[in-house]
Peer 1: 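Before anything else, here's the structure in question.
What you see is a predicted model, and the numbers here were worked out from it, not measured in a lab. What you see below is based on every heavy atom in this structure, not just the backbone, and it leaves out hydrogens, waters and symmetry mates. Whatever order the structure lists them in is the order used to number ligands and atoms, beginning at 1.
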Amino acid sequence: MRALLAFALLALAACATAPEPAPRWSLVVHGGAGVIERANLTPELEAQYRAAMQRALTTGGAILERGGSSLDAVEAVIREMEDDPLFNAGRGAVFTAEGRNELDASIMDGRNRAAGAVAGLTRTRHPISAARAVMERSRHVMLIGEGAEAFARSQRLEEVDPAYFFTERRWQQLEDNLRANSLPIPQRPAGAPQAPRAELVYPDDHQFGTVGVVAFDSAGNIAAGTSTGGTTGKRWSRVGDAPIIGAGTYAQNGVCGVSATGTGEFFIRVGVARDICARMQLNGESAQEAADSVIAEVGAMLNNQGAAGDGGVIVLDGRGGVAWAMNTPGMYRAAQMAGGDPIVQIFADEQ
Ligand code: ASP
C-alpha cells in the first residue's frame, strides 16, 4: 500500500512538473513596427496587411507541415515578403537620401550558429537568399556593397534593375523626410514610373517596415532571418541592426530565435537579439520576460540627440514557444503552431 502511495505521489509530481509538449513546428513573423494606429490605417490597408501576414503563415506553415526545415521556411517567407510592396524589404524598400534602395538582410541557423549577412545591395532581388548563400557557400558571415552584389551574382541569384524596388509610397516618404530636414530632393530614379503624388494612406512606418521570421521545425531546429531597406533618408551607407548577427537576428537550438525591427542604432547598441537569448539561456527567463526586458531597455535608451529607441521583436523559445514585444503603437505580426489557429495582430493592444 505504501509503495502504491509513493508511486501515486511520484506520478503526481511528474505531472505537475512535466513541461507542455513542444509543438511539432511553430512559426512567428513580423512585418515591421511603428506608429501604426487604428486612426491612421484605413480598413482597406489594414485588410491588406492582415492578408499579407496570413499569407506568410500559410507559406511557412506548408513547408514546416511537410517536414521541411526551419531555414527553408524562413527563406521562403522572407522572399515572398521581399516581393510584396507593402513591406520595407526588397520591392517597397525605403529610399536613401540619394534616392536609392540599399538592402540589408541576415539569416542564422540554430543548429550550429552558422550565419550569413549582406548590406547595401542595390540589385539583388532577394537579399535573404544572398544572406543564405553567404552562410552556406562562403567562408564569411557578412558581405557589403559591390562585393556582396558580385558574390550574389556569382551564386546566380536573380538581379533586377534598381527601378524594380521603386514604389511611389516610399518615394513620397523620402521627399517628406528630406523636406523636413532641409535636404535636397534627388531625381526620381531612372525607370521609375512617373506617378502623381500618391494619397498617403499609409501609417507613419516610414522608419520601419522590416520583415523577419523565426521558425522551429519538426527536427527541433530553429532558424531566424531579417530583411530590410533600412530607414528613410539614410545617408553615408548607413547600416542598421537587421544584418548584424546578435542585434537584428539570432538563433540557437534549444535556446531561442529572434528577429528585430526598430531604430537599428539602438538595437545594435543593446545587442538585442543576442541579449534576449542570453537572458533565456543564462538567467532562465522565459521568451516573454526576456523580450519585454530588452525592449524596455531599448525604450529607455537615448541617442546623442535625445531620442529614445523604438521597435519590437519576435521570439521563439527553444521548444518553439512564441513571444513578441514592442514599445511602438503597432507591429505587423503573426504566429502559428502545428495544429493551432493562426494569430495575426497589428496594434499593440491586440491580445
Ligand atoms: N531595424 C531596421 C534598421 O534600422 C529598420 C526597421 O526595422 O524597419 O535598418
Side-chain angles (χ1 to χ4, degrees), residues 29-36 49 52 78 81-82 84-97 100-107 117-122 127-128 131 142 144-145 165 167 169-170 173-174 177 202-214 224-250 258-276 291 294-295 298-299 301 303 307-315 324-333 346:
V29 182
H30 74 74
V35 186
I36 307 162
Y49 273 106
I78 293 183
M81 296 176 93
E82 286 174 339
D84 187 336
L86 283 177
F87 300 105
N88 172 18
R91 181 151 179 255
V94 301
F95 286 94
T96 68
R100 289 150 50 93
N101 301 109
E102 293 179 356
L103 312 170
D104 308 332
S106 65
I107 195 163
V118 288
L121 296 180
T122 59
I128 194 66
M142 189 170 195
I144 64 164
F165 300 114
T167 54
R169 161 197 187 178
R170 297 302 187 185
Q173 287 177 347
L174 173 68
N177 176 284
Y202 298 99
D204 177 18
D205 67 347
H206 59 276
Q207 288 195 65
F208 307 133
T210 293
V211 305
V213 180
V214 187
T226 311
S227 180
T228 189
T231 49
T232 298
K234 63 185 183 179
R235 301 167 80 188
W236 307 300
S237 304
R238 176 266 186 197
V239 176
D241 60 313
I244 309 282
I245 297 300
T249 303
Y250 206 77
V258 180
S259 171
T261 175
T263 328
E265 283 68 10
F266 295 89
F267 284 67
I268 292 172
R269 289 163 67 202
V270 172
V272 163
R274 176 63 203 152
D275 197 28
I276 289 173
V294 173
I295 288 301
V298 167
M301 190 176 235
N303 67 10
D310 47 6
V313 284
I314 52 169
V315 185
W324 47 47
M326 76 212 77
N327 63 12
T328 47
M331 177 167 77
Y332 305 111
R333 58 198 187 276
I346 297 180

Peer 1: Tell me the closest heavy-atom pair linking Val258 and Ile276, and the distance in Å.
Peer 2: CG2-CG2, 4.0 Å

Peer 1: Answer whether the closest heavy-atom distance between the side chains of Asn303 and Arg269 falls below 4.5 Å.
Peer 2: yes

Peer 1: Side chain, backbone, both or neither: which applies to Arg238 and ligand 1 if a contact is any heavy-atom pair less than 4.0 Å apart?
Peer 2: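 Only the side chain of Arg238 comes within reach of ligand 1.
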
Peer 1: By number and element, which atoms of ligand 1 are closer than 4.0 Å to a non-hydrogen atom of Gly209?
Peer 2: 8 (O)

Peer 1: Just distances here: any N/O of Gly230 and N/O of ligand 1 closer than 3.5 Å?
Peer 2: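 It does not: no N or O of Gly230 is found under 3.5 Å from an N or O of ligand 1.
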
Peer 1: Could you check whether any side-chain N or O of Arg235 sits under 3.5 Å from a backbone N or O of Thr96, counting only pairs where one atom can act as donor and the other as acceptor?
Peer 2: no

Peer 1: Any N or O on Asp104 sitting closer than 3.5 Å to an N or O of ligand 1?
Peer 2: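 No, Asp104 has no N/O under 3.5 Å of an N/O on ligand 1.
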
Peer 1: Judging by distance only, is a nitrogen or oxygen of Thr261 under 3.5 angstrom from one on ligand 1?
Peer 2: yes

Peer 1: Under a 3.5 Å distance rule, please check whether Lys234 uses its side chain to pair with a backbone N or O of Gly229 as donor and acceptor.
Peer 2: yes

Peer 1: What atoms of ligand 1 come within less than 4.0 Å of a heavy atom belonging to Gly240?
Peer 2: 4 (O), 9 (O)

Peer 1: Please confirm whether Thr231 comes within less than 3.5 Å of ligand 1 when only nitrogen or oxygen atoms on both sides are compared.
Peer 2: no

Peer 1: Classify the ring geometry of Phe87 against Tyr49: parallel below 30°, tilted from 30° to 60°, perpendicular beyond 60°.
Peer 2: perpendicular

Peer 1: Within the distance-only criterion (no hydrogens, no angle test), does the side chain of Asn101 pair as donor or acceptor with the backbone N or O of Thr122 below 3.5 angstrom?
Peer 2: no

Peer 1: Can you sort out which atoms of ligand 1 are near Asp241, meaning under 4.0 Å from one of its heavy atoms?
Peer 2: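 Ligand 1 atoms under the 4.0 Å threshold to Asp241: 1 (N), 2 (C), 3 (C), 4 (O).
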
Peer 1: Taking Ile128's backbone N and O only, do any of them form a donor-acceptor pair with Glu82's side chain (distance below 3.5 Å, no angle check)?
Peer 2: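 Answer holds: yes.
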
Peer 1: If I apply the N/O under 3.5 Å rule, does Gly262 come out as touching ligand 1?
Peer 2: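 Yes - when backbone and side-chain N and O of Gly262 are compared with those of ligand 1, one distance drops under 3.5 Å.
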
Peer 1: Which option out of Thr210, Thr263, Val239, Val94 puts a heavy atom nearest to atom 8 (O) of ligand 1?
Peer 2: Thr210

